[in-house]
Student: 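Questions regarding the structure given below will be posed in turn.
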Protein chains: 2
Amino acid sequence: MTTEHTRASAILAVSTVIFALRKDDETGGLPQVWLPLVRRIREPFEGRWALPGGPLRGEEDLAYAAARTLNDTTGLTPRYLEQLYAFGDTSRSPAGDRVVSIVYWALVRSDEAERASVGENVRWFPADDLPPLAFDHQLIVEYALWRLHTKMEYSRIAHAFLGERFTLAQLREVHEAVLGRALDPANFRRTIEASGAVVATDEYLTGTPHRPPRLYRYNDSIDLADAGPLPRQQHPFGGEK
Amino acid sequence: MTTEHTRASAILAVSTVIFALRKDDETGGLPQVWLPLVRRIREPFEGRWALPGGPLRGEEDLAYAAARTLNDTTGLTPRYLEQLYAFGDTSRSPAGDRVVSIVYWALVRSDEAERASVGENVRWFPADDLPPLAFDHQLIVEYALWRLHTKMEYSRIAHAFLGERFTLAQLREVHEAVLGRALDPANFRRTIEASGAVVATDEYLTGTPHRPPRLYRYNDSIDLADAGPLPRQQHPFGGEK
DNA sequence: GCAAAAGTGTTATATGTACACCCATGA
DNA sequence: TCATGGGTGTACATATAACACTTTTGC
């Protein structure tokens, strides 16, 4: 790292891929992965949909910028936020304006996302049926989805989609939606319980047409243990990490 | 991502953590992880050791910049190159000059590293015994080492330290050096052979004081299968990825 | 009682690990 | 022939997956 006080050679932006689960009525109530996009109102790619984001301000940290633009476009607070990748190829934008984008990916609670603000230029799309995107954002979303999949398998991030208390069936539904396949309820229960990811409460969900399931809460005394030796950064909009 | 033609809010730099294995005579010929550092010749942190790198030039891709600065400081070509993380906290540098560093990590062949150019301001250090580093480079190196460890366990990058042909014992030595523990030769052999990572040649290493071991080569018909859906980028200094 | 989901138990298979043992060479 | 690392075989422990079975509620 050198610190010449020259003009930077590229514009630095921060974008975020925001994930929530949404029960699509057409698919029979099974939740699916959705994400919000913003419509570009200027060239290049005017009119196309793109990831929310913006230029990095001089005084804010990278994760802060990601959480702020996330909040600006959706009014939401990320429950999970992690850096994805820095995209900076010279060919990713039409000639003239080179942009290096540091991209984050985030999870937001699905019930909050349901009543999230949407405007003329902000809309939610199912992740497997996106419109044509600006720049290389198609590639970025695919990469973020891949990270979401792989991380769901070995990490404990699923609860970020849910509320304070949840049943194991709800947690399993999250896994199934993200992984795109059914999981054995019995084995899922044992795996989750053995991991210590959740703690049983003494409450039960009532009003079901069958045996009432026990409610669990996230065990925050164990950390996610996969972000590496990077210091646990508390981002300014609350939530974890 | 927006494309306002404002002045960028931070200087953008690219740095690289470069790893090679070196047989330390003091430790009884067991190879260890070493990395090259450059001495800073100006404030801040003048005189301290730091990661090789430099500002991003307007016309070059990120990976190209990493490979170029790697070549500038060591004269070497990376055999493996991967983006590590973008470090951009406002607190990582003394007030005044904010720098966002996109850090790569690289593997170079150990025999090439042995005869790599070193100057007054470039020196190799063992990874577990580094001098005080400038900025947050201590943290960056620790993170890179963690990534090297974890990636060595599930990926097939060890051959990047070796030459064209190698014995399974040599490959095992690489794993042992990086992981810092001994591995069962029998089980290591079976695991590697089952993974398809290497192909047996019909050549044998002669001149050993015991049974001559078979030579293997890397199986490049199988890709590393862990970089996600990111397009395979051929960097300009040759080598793979 | 019946349907449906919660929750428990059992078994088969795959994977990982430890270690005994034979093989082929230089000295 | 002996020492040494190369290479093979095998048994044991643990993890994963498949699925039968019991429990508890609303209707």
Student: Once ring pair (Phe, Tyr, Trp, His ring centres under 6.0 Å) is applied, do any residues pair with A:Phe125, and if so which ones, sequence neighbours excluded?
Tutor: A:Trp49

Student: Tell me, do B:Leu183 and B:Arg181 make a side-chain contact under 4.5 Å, heavy atoms counted?
Tutor: yes

Student: Could you tell me whether the side chains of B:Tyr216 and B:Gln170 share a donor-acceptor contact shorter than 3.5 Å?
Tutor: no

Student: Which pair of non-hydrogen atoms, one from B:Val178 and one from B:Met152, has the smallest distance, and what is that distance?
Tutor: CG2-CE, 3.5 Å

Student: Restricting to non-hydrogen atoms, name the atom on B:Tyr104 and the atom on B:Ala63 that form the minimum distance, rounded to 0.1 Å.
Tutor: OH-N, 3.4 Å

Student: Answer whether the closest heavy-atom distance between the side chains of B:Asn187 and B:Arg190 falls below 4.5 Å.
Tutor: yes

Student: Rounded to whole Å, please give me the gap between CD1 in A:Ile192 and P in C:dT8.
Tutor: 15 Å

Student: Applying side chain to side chain donor-acceptor pair (under 3.5 Å), name anything that partners A:Arg189, two or more places apart in sequence or on another chain.
Tutor: none

Student: At their closest point, which heavy atom of A:Asp128 faces which heavy atom of A:Gln32, and how far apart are they?
Tutor: OD2-NE2, 3.3 Å

Student: Please report the shortest heavy-atom distance between A:Arg214 and A:Ala200, naming the atom on each side.
Tutor: CD-CB, 3.7 Å

Student: In degrees, rounded to 10°, what is the bend between the two ends of the helix from C:dG1-D:dC27 to C:dA27-D:dT1, using five pairs at each?
Tutor: 10°

Student: CD of B:Glu193 versus C1' of D:dG9: gap in Å, rounded?
Tutor: 14 Å

Student: Calculate the interatomic distance between A:Arg181 atom CZ and D:dA17 atom C1'; express it in whole Å.
Tutor: 11 Å

Student: For DNA chain D, what residues of residues 167-180 of chain B have any heavy atom nearer than 4.0 Å?
Tutor: B:Ala169, B:Arg172

Student: With sequence neighbours left out, what residues match B:Phe188 under ring pair (Phe, Tyr, Trp, His ring centres under 6.0 Å)?
Tutor: B:His175

Student: Taking CZ from B:Phe166 and C1' from D:dG6, how many angstroms apart are they, rounded to a whole number?
Tutor: 16 Å

Student: Quick one, give me the B/S/- string for nucleotides 19-27 of chain C, reading 5' to 3', where B means a protein heavy atom under 4.0 Å from the base and S means that only happens at the primed atoms, P, OP1 or OP2.
Tutor: B---BBBS-

Student: So A:Trp146 and A:Tyr143, would you call those rings parallel, tilted or perpendicular, with 30° and 60° as cut-offs?
Tutor: parallel

Student: Between C:dG7 atom P and A:Leu215 atom CG, what is the distance in whole Å?
Tutor: 9 Å

Student: Can you measure B:Leu183 atom CG to C:dT17 atom P for me and round it to whole angstrom units?
Tutor: 9 Å

Student: Grab the CZ-P distance between A:Arg189 and D:dA18 for me, whole Å please.
Tutor: 19 Å

Student: Mind calculating the distance between CZ (A:Phe188) and C1' (D:dA18) to the nearest angstrom?
Tutor: 17 Å

